[in-house]
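FYI, the numbering just counts along the sequence from 1. The analysis underlying the following values was restricted to heavy atoms, covering all of them including side chains, and did not include hydrogens, waters or symmetry mates. Bear in mind the structure is a predicted one, so any value in this text is a computation, not a measurement.
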Amino acid sequence: MVGEHLDLSEGNGSTNRSEPNRFIGVQFDCCGVYARIYSNREGTAYVGHCPRCGRTVRFQIGKGGTDCRFFNAR
């Protein structure tokens with residue numbers, strides 16, 4: 001509508017974070033789709049869902065982990 005503006009630069013909380021929201025890439029073999037899975041608030045795991053069927057995945061973040069950023073969920 002005339003006179004209304006959409007400001008995407010603020011309000012989502014991302015501008016106030018000291019570090020970017022970390023993510024890994026996951027290929028869900030169940031539905032053949034890719035999604036980004038973000039770390040939880042505590043920073044202890046990457047937790048997410050298949051965008052089609054809702055299957056839950058959880059990747060623990062541990063000492064000595066891995067440098068890999070992309071995974072397959074089978």
Enumerate donor-acceptor pairs with a distance under 3.5 Å from any side-chain N or O in residues 28-39 to protein atoms, sequence neighbours excluded.
residue, atom, partner, partner atom, Å
Asp29, OD1, Asn72, ND2, 3.3
Asp29, OD2, Arg74, NE, 3.3

Under a single-linkage rule joining Ile, Leu, Val, Met, Phe, Trp and Tyr whose side-chain heavy atoms are separated by less than 4.5 Å, which residues share a cluster with Val47?
none
If the condition is side-chain contact (heavy atoms from CB on, under 4.5 Å), which residues does Thr56 pass it with, not counting sequence neighbours?
His49
What residues form a side-chain contact (heavy atoms from CB on, under 4.5 Å) with Arg69, not counting sequence neighbours?
Ile24, Tyr46
Contacts satisfying salt bridge (charged side-chain N to carboxylate O under 4.0 Å, His left out) that involve residues 44-63 (not counting sequence neighbours) are none
With sequence neighbours left out, which residue pairs that include part of residues 53-72 fulfil the ring-ring contact (aromatic ring centres under 6.0 Å, His included) condition?
Phe59-Phe71
In terms of heavy-atom contacts, Gly43 and Arg22 come closest through O-NH2, 4.0 Å
What one should report as the nearest heavy-atom pair of Val57 and Ala73 is CG1-CB, 3.9 Å
